[in-house]
*Asks:* 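Quick one: the structure is below, and I'll ask about it shortly.
Nothing fancy with the numbering, it's 1 onward along the sequence. Both counts, for ligands and for their atoms, begin at 1 and track the order of listing. Because the structure is a prediction, the values reported are computed rather than measured.
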Amino acid sequence: MKALIVYSSLTGNTKKVAEAIQTVFDRGADLVPVEENPAADGYDLVAVGFWVDRGTADKKAQSYLTGLRDKTVALFATLGAYPDSDHARDSMAKAAALLDDSNRLVGSFICQGKIDPKLLEQFEKLPPDHPHGVTPERAARHREAAKHPDEADLINAKAVFTEVRQKLTAGAV
Ligand SMILES: Cc1cc2nc3c(=O)[nH]c(=O)nc-3n(C[C@H](O)[C@H](O)[C@H](O)COP(=O)(O)O)c2cc1C
């Protein structure tokens, strides 16, 4: 099966996940940064990866996603928040909602990714009652994010995309 993996990544987290997903496709998937705006025609699967920016897909991924028509699509993403949070679910749902109805969404994966230290420095200047001010709970989340994506995340991403590949190969979706 022919897969295209398009990823948007500012600091490399989402790129790491994209590279792990590439290994799932035996004959290799085409791995292309979103900046190259690859044509998605002729692929059995188009996997689009983004980093979460203010609760949705980052701008570059947004414009790629909104341009897709009649494709079989799977999404993957990294974010600073916990992957089992409402914020993670909402961010993925918002990205999925950008897809035109002519596309078919067959899978998704999201995990934490370390937050740009420059952004964390800005957070430290904010008062604790600000939504991004550093409280002990947020500091713990930032410390956890700093460890991701880790080996377990990459294994999980590969498992999700292996299932997608198997289902598509079997014609089950
Ligand atoms: C400008 C900016 C906005 C961000 N907004 C969010 C956000 O709304 N929610 C979140 O959980 N993480 C947010 N993050 C964290 C990134 O999504 C996270 O660090 C991601 O793994 C970065 O991926 P990349 O290395 O592929 O660029 C933001 C990061 C930046 C720099």
*Asks:* Would you mind telling me which of V24, V17, L31 makes a side chain to side chain contact (heavy atoms under 4.5 Å, CB included) with I5?
*Replies:* L31
*Asks:* Let me see the working for E137 and R141 under salt bridge (charged side-chain N to carboxylate O under 4.0 Å, His left out), right down to the final yes or no.
*Replies:* CA-CA 6 Å; E137 188 253 330; R141 189 170 67 225; 3.6 Å; yes
*Asks:* Would you mind listing every side-chain hydrogen bond (donor to acceptor under 3.5 Å, both in side chains) that reaches into residues 144-155, with sequence neighbours excluded?
*Replies:*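 Checked against side-chain hydrogen bond (donor to acceptor under 3.5 Å, both in side chains) - neighbours excluded - the pairs reaching residues 144-155 are E144-K147, E144-H148, H148-D153.
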*Asks:* Return the set of residues passing ring-ring contact (aromatic ring centres under 6.0 Å, His included) with Y82 (not counting sequence neighbours), or none when no residue passes.
*Replies:* none
*Asks:* Scan for side-chain hydrogen bond (donor to acceptor under 3.5 Å, both in side chains) pairs involving residues 98-119, sequence neighbours excluded, and state none if there are none.
*Replies:* N13-K114, T72-R104, D100-S102
*Asks:* For E163, does the CD atom have more than 12 heavy-atom neighbours from other residues, nucleotides or ligands under 6.0 Å away?
*Replies:* no
*Asks:* Any protein N/O atoms within less than 3.5 Å of an N/O atom in ligand 1? List the atom names and distances, or say none.
*Replies:*
residue, atom, partner, partner atom, Å
ligand 1, 5 (N), V52, O, 3.3
ligand 1, 5 (N), R54, N, 3.1
ligand 1, 8 (O), R54, N, 3.0
ligand 1, 8 (O), G55, N, 3.0
ligand 1, 9 (N), H87, NE2, 2.7
ligand 1, 11 (O), G80, N, 3.1
ligand 1, 11 (O), A81, N, 3.0
ligand 1, 11 (O), H87, NE2, 3.4
ligand 1, 12 (N), G80, N, 3.0
ligand 1, 14 (N), V52, O, 3.3
ligand 1, 17 (O), V52, N, 3.4
ligand 1, 17 (O), V52, O, 2.7
ligand 1, 19 (O), G113, O, 3.2
ligand 1, 19 (O), K114, O, 2.9
ligand 1, 21 (O), N13, ND2, 2.9
ligand 1, 21 (O), T78, OG1, 2.7
ligand 1, 23 (O), T78, OG1, 3.2
ligand 1, 25 (O), T11, N, 3.2
ligand 1, 25 (O), T11, OG1, 2.4
ligand 1, 25 (O), G12, N, 3.1
ligand 1, 25 (O), N13, N, 2.8
ligand 1, 25 (O), N13, ND2, 3.1
ligand 1, 26 (O), S9, OG, 2.6
ligand 1, 26 (O), N13, N, 3.4
ligand 1, 26 (O), T14, N, 2.9
ligand 1, 26 (O), T14, OG1, 2.6
ligand 1, 27 (O), L10, N, 2.6
ligand 1, 27 (O), T11, N, 2.9

